[in-house]
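Before any comments, here is the structure.
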Amino acid sequence: MLILLGVLLLGSSSWAQSPMSLKECIDYGLKHHGMQVVAANDIASAKQRVREGLAGYLPQVNGQVAFDDNIVRPTTVIPAGAFSPQEIKIQFGNQYNTNALVQLDQVIYDRSMLLGLQILDPYADIAVINKEKNEQMLMYGAAMSYYQVQIYMEQKRLLSENIGKFEKLASVLKLQVAQGVARKMDYDRIEVTLSNLKAQEEVMGNEIEMAYNRLKNAIGMALDEPLMVTPGAWNESDALGTHASVGGGAGKSLDLKIQEKAISIQEIQLRRSQAVYLPTLGLYARTGAQAFGNDFAKAYSKWYGYASIGLSLKIPIWNSFRTPAQVKQNELALLTARENFKMSKNQIELQQENAEVQWYSAQASIDGTKKNMELAKDILAVTQLQMEQGVATLSDLLSADYAYKEAQTNYITALLRVITARLEFEKAQGTLQTFLFQQ
């Protein structure tokens, strides 16, 4: 049993330490991030709102119990001549009166309420679209954080490669100094360069750790959970790729879809405010019982039942300027919503055009910076060999090393820029999920 438990724990640990692909990180985020819980709650709330709106057009049953203690009963005056030559003052009713009833109300026709039912569908659609939008934001954040980890890891790999070369050179110089064929000052300069590279490697290790923390936060993973990404899994051809023009792509924007639903809601709101001018018709059925008396102890000894049914027709006649003001407000709100939609559409098309331009620009720079880095690497290797042979000086080597590190930095910067530009372009096009799940 203990052996089996050890095997299971070992398997669990190895699984936790196995590198996760970008798709696996996104899948993890879609299952565990708090944004998903919030979005799911919004959808569930929208469904309950539909039920709530529908309930207004279904039968409503209410009960009521009222107890009156007529401390001073009202007096009714019968004029003189009807029953007596003098006016008669009479107090009707009893001191204690209890009324218990149950009433059913059913709306037969209410145009405003019917339109209220229609408005629930766009609200439910907005909740679904918001969930999709949250997923896109989550995928974008996860992808950016994931690629940053990989790029920092690549930068650290290049630093480690440089350190290895200088450690080899330092050992050769140390031997040459001992043999008297090299200056100790040259060896010291190599040691200083090597120390700087190791310090940069340590800083890059911290950058990688912070990038991992950002990735964990992006996918909803606890910071103390183990996480590894596949090093160098990115492919420049994926970031470069090919694409069609962005023309007409604004229609895929989730923000525009939400605004379209908002316009639909505002159109219905306008019709609802206009429907206030129309009459409403309802049906009611009521049954109950009364008990009364002047002696509290005997006031409930006998109950008298009653029942009634009827129709209620409400005809609006005049409510000052309330309804016209509400109609005008909704007209203006609808015009504003439509104008905002036009401006948003233009803004999204501008973002798409700019994203495409940035992507083209990033693609143009990545090839040149990579070729420069490879060329600088070859020059450094040749210079190092020449120095070992006594042909080149240490200054030549350090100059070639500086050029190589600068070329590395330019390449890493261009790589991050092209990946960022690709993600921005796909997000602006509304095709981010398709792009990421192809990786």
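Atoms considered below: every heavy atom in the structure, side chains included; atoms not considered: hydrogens, waters and symmetry mates. In what follows, residues are counted from 1 in the order of the sequence shown.
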- Query: Run the side chain to side chain contact (heavy atoms under 4.5 Å, CB included) check on Lys257 and Lys261 step by step: do they pass?
  - Reply: CA-CA 6 Å; Lys257 291 181 179 179; Lys261 296 297 180 182; 5.8 Å; no
- Let me see the working for Thr393 and Asp396 under side-chain hydrogen bond (donor to acceptor under 3.5 Å, both in side chains), right down to the final yes or no. CA-CA 5 Å; Thr393 64; Asp396 295 332; 3.1 Å; yes
- Task: Under the salt bridge (Lys or Arg N to Asp or Glu O under 4.0 Å) rule, what do Asp27 and Lys31 come out as? Steps first, then yes or no, please.
- Result: CA-CA 6 Å; Asp27 288 339; Lys31 293 178 182 177; over 6 Å; no
- Message: Under the criterion side chain to side chain contact (heavy atoms under 4.5 Å, CB included), I'd like the reasoning laid out for Ile366 against Tyr411: C-alpha separation, chi angles, the key distance, then a yes or no.
- Response: CA-CA 7 Å; Ile366 188 69; Tyr411 170 70; 3.9 Å; yes
- Item | Residues Tyr212, Tyr152; criterion side chain to side chain contact (heavy atoms under 4.5 Å, CB included); working and verdict | CA-CA 10 Å; Tyr212 264 118; Tyr152 285 147; over 6 Å; no
- Message: Assess the residue pair Glu426 and Arg422 against the criterion (salt bridge (Lys or Arg N to Asp or Glu O under 4.0 Å)); give the C-alpha distance rounded to whole Å, side-chain angles, the decisive distance to 0.1 Å, and a yes or no.
- Response: CA-CA 6 Å; Glu426 297 294 343; Arg422 181 64 190 266; 2.8 Å; yes
- Kindly indicate, with the supporting measurements, whether the criterion side chain to side chain contact (heavy atoms under 4.5 Å, CB included) is fulfilled by Arg338 and Ile263. CA-CA 7 Å; Arg338 288 172 175 168; Ile263 290 175; 4.1 Å; yes
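There is no side-chain donor-acceptor pair under 3.5 Å between Ser312 and Tyr284. With 3.5 Å as the limit, one finds a donor-acceptor pair spanning the side chains of Gln408 and Tyr404. At a cut-off of 3.5 Å, with distance as the only test, no side-chain donor of Gln64 or Asn62 sits close to an acceptor on the other residue.
Counting heavy atoms from C-beta on, the side chains of Thr287 and Leu104 never come closer than 4.5 Å. The shortest side-chain heavy-atom distance between Gln363 and Val418 falls under the 4.5 Å cut-off. Side-chain contact check for Glu331 versus Lys328: some heavy-atom pair is nearer than 4.5 Å. Inter-residue side-chain proximity for Gln103 and Leu101 is flagged as met; some heavy-atom pair is nearer than 4.5 Å. For the pair Tyr306 and Arg286, the minimum side-chain heavy-atom distance is below 4.5 Å. Looking at heavy atoms from C-beta onward, Asn330 lies in side-chain contact with Gln266 at the 4.5 angstrom threshold. The shortest distance between side-chain heavy atoms of Cys25 and Met221 does not fall below 4.5 Å. At least one side-chain heavy atom of Lys198 sits less than 4.5 Å from a side-chain heavy atom of Glu167.
Between Pro316 and Lys314, the shortest heavy-atom distance links the atoms CD-O, 3.6 Å. When all heavy atoms of Gln384 and Lys165 are compared, the pair lying nearest together is NE2-O, 3.5 Å. A pairwise comparison of heavy atoms in Glu191 and Ala170 identifies OE2-CB, 3.7 Å as the closest pair. For the pair Leu215 and Ala142, the tightest heavy-atom approach, listed with the atom from each and the gap, is CD1-O, 3.6 Å. Smallest separation of non-hydrogen atoms from Ile348 and Leu256: CD1-CG, 3.4 Å. The minimum heavy-atom distance between Ser160 and Glu201, with the atom names listed, is OG-OE2, 2.7 Å.
Partners of Tyr28 according to the ring pair (Phe, Tyr, Trp, His ring centres under 6.0 Å) rule, which considers only residues two or more places apart in sequence or in another chain, are His32.
To the nearest 0.5 Å, atom CG of residue Leu278 and atom OH of residue Tyr109 are 5.0 Å apart. Rounded to the nearest 0.5 angstrom, Gln200 CD and Ile163 CD1 are separated by 8.5 Å. For the atom pair CD1 (Ile265) and CD1 (Ile126), the distance works out to 4.0 Å, reported to the nearest 0.5 Å. Here OH of Tyr187 is found 8.5 Å from CG of Leu194. Values are rounded to the nearest 0.5 Å. Atom CD1 of Ile43 sits about 10.5 Å away from atom CD1 of Ile129, to the nearest 0.5 Å. Atom OG of Ser253 sits about 10.5 Å away from atom NZ of Lys427, to the nearest 0.5 Å.
Not a single donor-acceptor pair under 3.5 Å links the side chain of Asn217 to the backbone N or O of Asn213. For the pair Thr336 (side chain) and Leu332 (backbone), a donor-acceptor distance under 3.5 Å is present. Judged purely by atom type and a 3.5 angstrom limit, Ser361 has no side-chain atom pairing as donor or acceptor with the backbone of Val357. One N or O on the side chain of Lys216 and one on the backbone of Leu223 form a donor-acceptor pair closer than 3.5 Å. In this structure a side-chain-to-backbone donor-acceptor pair under 3.5 Å is present from Ser21 to Glu24.
The environment of Tyr402 atom OH is sparse: at most 12 non-hydrogen atoms of other residues, nucleotides or ligands sit within 6.0 angstrom. Counted within 6.0 Å of NZ on Lys174, heavy atoms from surrounding residues, nucleotides or ligands total 12 or fewer; the atom is thus considered open. Around atom CD1 of Ile309, no more than 12 heavy atoms belonging to other residues, nucleotides or ligands sit under 6.0 Å away. At most 12 heavy atoms of other shown residues, nucleotides or ligands fall within 6.0 angstrom of atom CE in Met137. The 12-atom threshold is not exceeded at CD of Glu202, counting heavy atoms of other residues, nucleotides or ligands nearer than 6.0 Å. The neighbour count for Lys377 NZ, taken as heavy atoms of other residues, nucleotides or ligands under 6.0 Å away, does not exceed 12.
A salt bridge is defined here as a Lys NZ or Arg NE, NH1 or NH2 lying under 4.0 Å from an Asp or Glu carboxylate O, and Glu154 with Arg157 meets this definition. Of the charged side-chain nitrogens involved, at least one lies within less than 4.0 Å of a carboxylate oxygen, so that Lys405 and Asp401 count as a salt-bridged pair. Under 4.0 Å is where a charged nitrogen must lie from a carboxylate oxygen, and between Arg417 and Glu424 no such pair does. Salt bridge Lys131/Glu135: present, at least one basic N to carboxylate O contact under 4.0 Å.
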Can you give the donor-acceptor pairs under 3.5 Å from side chains of residues 45-61 to other protein atoms, not counting sequence neighbours?
{"residue": "Gln48", "atom": "OE1", "partner": "Arg51", "partner atom": "NH1", "Å": "3.3"}
{"residue": "Tyr57", "atom": "OH", "partner": "Ile108", "partner atom": "O", "Å": "3.1"}
{"residue": "Tyr57", "atom": "OH", "partner": "Asp110", "partner atom": "N", "Å": "3.3"}
{"residue": "Gln60", "atom": "NE2", "partner": "Ala55", "partner atom": "O", "Å": "2.5"}
{"residue": "Gln60", "atom": "NE2", "partner": "Leu58", "partner atom": "O", "Å": "2.9"}

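Among Val229, Ile208, Leu22, the one residue that satisfies the side chain to side chain contact (heavy atoms under 4.5 Å, CB included) test with Gln150 is Val229.
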